[in-house]
Amino acid sequence: MARTHKRRLTALMPRTVAAGRRMIWRQQKWKEKFADLSSDGGGGRIKLRGRGLIFSGHHQLLFSFAYLSISSNWFLEKTAFFEAPKAAKQLEKAEAAIIDGIRLGVLPDVVTYNTLITGYCQFVGFDAGYSVIHRMKEAGITPDVVTYNSLMAGATRQHSLPHCLDMLEEMLNMGIIPDVWSYNTLMHCFFKLGKPDEAYRVFHDILLKNISPCQATYNIMINGFCKNGYIHNALMLFRNLQRHGYIPEIVTYNILLNSLCNSRMWKDMMRLFEELRESGHNPNAITYTTIMKCCFRCKRFKEGLEIFMEMKRKGYAYDLFSYCTVVGALLKSGRRQDTNNCIAHMIKIGYELDMASYNTLINWHCKEGKLETAYNLLNVAEERGEDCDKYTHTILINGLCKAGDIDVAQRHLNHMKLMGFDSLVAFNCFINALCKVGHLDYALQVFHSTDTKDSFTYSSLVHNLCKAKRYRLAAKLLLSCIRDGMRTLKADQRAVLKGLSLTGSKWDAKKFKQKCE
DNA sequence: ATAGGGTTAG
């Protein structure tokens, strides 16, 4: 194997001095071409990853590449930090560079095209990625397992199970034998679409086919269980694996920590965090962000901020995720000065903001009552090519509600629904605003006209009905909330109970209390 | 290639 590789390299080496010069000239030419692709931003972040350096700029693609030292073969390795609308154009440029390379005698290989497919799948879409296959074949290169695995990952990214299965079938038809990663990706796809049973069947398939599962296989299973609400199964699998000598990775811990946090199992989470520290792993930025989020959720602000400081000390905090978490928590707790300071730091670091960070900032402006500034910032985000999402709409609707622009809020809410965004949170904001301005009956009318409600919807109405001394209706709503298996606030229960007994219906109060338990 | 951020009631 090593020998054939060496022979290939020698074959590519220049035979004469003149040939050598020509080759250097060609490489120079190609490098210039490459420089043209990645020059116009100069963000200057350099990361070491895989085989080569990744240069990241602000607005443009970022490529990592490696030269096989003597040979003129090259790889485009990984594209990252694309800006979505520019991505297609940049990928076309990259493909043009490949064609140029062929003309200059620098031949692409299957890795080159696999990289391109990954890029198209990630930044444009599955179809764009799949279309590369034809051009790849035209260039005389046969797809391999990695090609199809990349396409399966692309299909999974856009929640397309049919495409994912198609790729597996096409792979089999071509006589390519799927590997662990093909099955890992298929499993991930099933889990993502909320089909844990099918995913589990894929795992059995892996074992039946005598393929040995890798760490990622188990991580995907644990994550899939967690995300589908089977956290106890995930924990059981985790413990079972440990008993069999499996040493969990930091990723495994992060998956479990996050879902323990989301299911409010704080104590178990802290215990697992201790275990992580004892295991000799170093917590990474993701671990810290998760733990921080947990602290903020239990209202332990001081502890959360201490973790943020620890992150900063270790050099992890130069990360938009952690800043958004902290700013979000500070905003919620109403610490204006701290929020402003934190945002100033975040801006100073100068990272390219993504939609989540813009949303954080837009929410900040809304909370400050500067709706106009919020809308201006939204324009900036859109000009930079970010698409607003359900969070953006919800934040703006909430901002409009809080500013008293109920009519505009309602129009925006309808607009949001028409665009196909999930709007329950925005709906809750709207209901709450209607109650606050005294349109309780209209709020109830809107409430009854829809099927999707959650504990927030009920809580707003119950709270405001109590304030209006309409205890019987409040009790009725609270009970139907409990009947549907939703969480209720203790404060709401107390308010209803107190109201019922104060208004003289002791019997109602007693019955209500019984039903609550 | 598997893990983290941003929206609502009190």
Side-chain angles (χ1 to χ4, degrees), chain A residues 78 118 121-122 146 149-150 152-154 156-157 179-182 184-185 187-188 191-192 214-224 226-227 249-259 261-262 283-294 296 311 316 319-329 331-332 346 353-364 366-367 388-399 401-402 421-433 435-436 454-464 466 487-492 494-495:
Chain A
K78 170 124 184 154
T118 312
C121 283
Q122 193 166 347
V146 182
N149 286 351
S150 305
M152 284 176 77
T156 303
R157 178 184 286 277
D179 64 1
V180 216
W181 275 105
S182 324
N184 282 353
T185 313
M187 221 166 71
H188 186 203
F191 273 129
K192 218 173 173 179
C214 61
Q215 287 259 22
T217 314
Y218 294 116
N219 289 340
I220 290 171
M221 289 236 296
I222 291 175
N223 185 42
C226 288
K227 294 281 151 70
E249 296 173 301
I250 186 80
V251 179
T252 326
Y253 280 109
N254 287 346
I255 292 168
L256 284 169
L257 285 172
N258 185 46
S259 51
C261 173
N262 287 338
N284 62 16
I286 295 178
T287 325
Y288 280 122
T289 314
T290 310
I291 304 287
M292 214 159 67
K293 181 181 78 182
C294 174
F296 291 140
M311 276 185 88
Y316 282 138
D319 175 315
L320 282 175
F321 281 69
S322 59
Y323 271 100
C324 288
T325 314
V326 174
V327 170
L331 261 179
K332 238 184 208 142
M346 180 171 124
L353 301 180
D354 58 7
M355 202 58 229
S357 345
Y358 278 118
N359 286 340
T360 309
L361 294 178
I362 290 172
N363 189 31
W364 172 53
C366 285
K367 287 267 157 73
C388 49
D389 54 13
K390 66 169 179 183
Y391 290 95
T392 324
H393 291 296
T394 308
I395 288 166
L396 288 171
I397 288 168
N398 190 36
C401 286
K402 291 277 146 60
F421 285 109
D422 164 34
S423 56
L424 181 56
V425 178
F427 175 74
N428 288 344
C429 296
F430 179 61
I431 289 275
N432 191 43
C435 295
K436 283 268 150 61
D454 67 359
S455 60
F456 281 84
T457 331
Y458 281 101
S459 181
S460 288
L461 285 168
V462 170
H463 179 242
N464 286 291
C466 283
R487 289 165 34 83
T488 54
L489 294 176
K490 280 274 174 300
D492 285 345
R494 273 197 303 270

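Nucleic acid contact class of A:A216 (heavy atoms, under 4.0 Å, all strands): base. Across all strands, A:L489 comes closer than 4.0 Å to base atoms (heavy-atom distances). The residue A:L320 sits close to a base: some heavy atom pair falls under 4.0 Å. Across all strands shown, A:K436 has heavy atoms under 4.0 Å from sugar-phosphate atoms exclusively, and none from any base. If you check every strand for non-hydrogen atoms under 4.0 Å, A:K390 touches nothing. Residue A:A426 is out of contact with every strand shown, counting any heavy-atom pair closer than 4.0 Å. When heavy atoms are screened at a 4.0 angstrom cut-off, A:M292 is found touching no nucleic acid atom at all.
One donor-acceptor pair, N or O on each side, does fall under 3.5 Å between the base of B:dA3 and the side chain of A:N284. A donor and an acceptor atom never sit less than 3.5 Å apart when one is taken from the side chain of A:S460 and the other from the base of B:dA9. The base of B:dG4 is paired with the side chain of A:D319 by a donor and an acceptor separated by under 3.5 Å. For A:S357 against B:dG5, a side-chain-to-base donor-acceptor contact under 3.5 Å is present. Between the side chain of A:T325 and the base of B:dG5, no donor-acceptor pair of N or O atoms lies under 3.5 Å. Contact annotation: side chain of A:D492 to base of B:dG10, donor-acceptor pair absent below 3.5 Å.
Put simply, NE2 on A:H393 is 16 Å from P on B:dT8, counting in whole angstrom units. Atom C1' of nucleotide B:dG4 and atom CG of A:D354 are separated by 13 Å, given to the nearest angstrom. Atom CD of A:Q215 and atom C1' of B:dT2 are 11 Å apart (whole Å). Between the CZ atom of A:R494 and the P atom of B:dA9 there is a distance of 18 Å, given to the nearest Å. The separation between A:M355 atom CE and B:dT7 atom C1' is 12 Å, rounded to whole Å. What separates CZ of A:F321 from P of B:dG5 is a distance of 8 Å, to the nearest Å. Rounded to whole Å, atom P of B:dA9 lies 16 Å from atom CZ of A:F430. In this structure, the CD1 atom of A:I250 is 12 Å from the C1' atom of B:dG4, given to the nearest Å.
For A:Y323, the ring-ring contact (aromatic ring centres under 6.0 Å, His included) partners two or more places apart in sequence, or in a different chain, are A:F308.
Nearest nucleotide to the side chain of A:S459, out of B:dA9, B:dG5, B:dT7: B:dA9. Counting only heavy atoms from C-beta on, A:V425 has its side chain closest to B:dT7 among B:dA1, B:dT7, B:dG5. Of the candidates B:dG5, B:dG4, B:dT8, the closest approach to any side-chain atom of A:C429 belongs to B:dT8. Nearest to the side-chain atoms of A:I395 among the listed nucleotides B:dG5, B:dT7, B:dA3 stands B:dT7. When the nucleotides B:dG4, B:dG10, B:dT8 are ranked by their closest atom to the side chain of A:H463, B:dG10 comes out on top. Minimum atom distance to the side chain of A:N432 is reached by B:dA9, of the listed B:dA3, B:dG5, B:dA9. Comparing atom distances between the A:T289 side chain and each of B:dT2, B:dA1, B:dG5 picks out B:dG5 as nearest.
A:K332 has a side-chain polar atom (N or O) that falls below the 4.0 Å cut-off from OP1 or OP2 of B:dT8. At B:dG4, one or more side-chain N or O atoms of A:K227 fall inside 4.0 Å of OP1 or OP2 (strictly under the cut-off). In this model, the phosphate group of B:dG4 is approached by a side-chain N or O of A:N258 to a distance below 4.0 Å at OP1 or OP2.
A distance cut-off of 5.5 Å between ring centres, combined with a plane angle under 30°, leaves A:Y391 outside any stacking arrangement with the base of B:dT7. Residue ring and base: A:F456 does not count as stacked with B:dA9 (centre distance below 5.5 Å and interplanar angle below 30° not both satisfied). Residue ring and base: A:W181 counts as stacked with B:dA1 (centre distance below 5.5 Å, interplanar angle below 30°).
Atoms CZ and CG, on A:F456 and A:L424 in that order, are 9.5 Å from each other to the nearest 0.5 Å. The distance from atom CG of A:L361 to atom CE of A:M346, rounded to the nearest 0.5 Å, is 4.5 Å. The CD1 atom of A:I255 sits 6.5 Å away from the CD1 atom of A:I222 when rounded to the nearest 0.5 Å.
By the 4.5 Å heavy-atom criterion applied to side chains, A:V425 and A:I397 are not counted as neighbours.
The main-chain N or O of A:S182 is found under 3.5 Å from a side-chain atom of A:D179 such that the two form a donor-acceptor pair. Judged purely by atom type and a 3.5 angstrom limit, A:N223 has no side-chain atom pairing as donor or acceptor with the backbone of A:N219.
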Margin query: Is there a side-chain hydrogen bond (donor to acceptor under 3.5 Å, both in side chains) between A:S459 and A:D492? Walk through the geometry before answering.
Written below: CA-CA 7 Å; A:S459 181; A:D492 285 345; 2.9 Å; yes
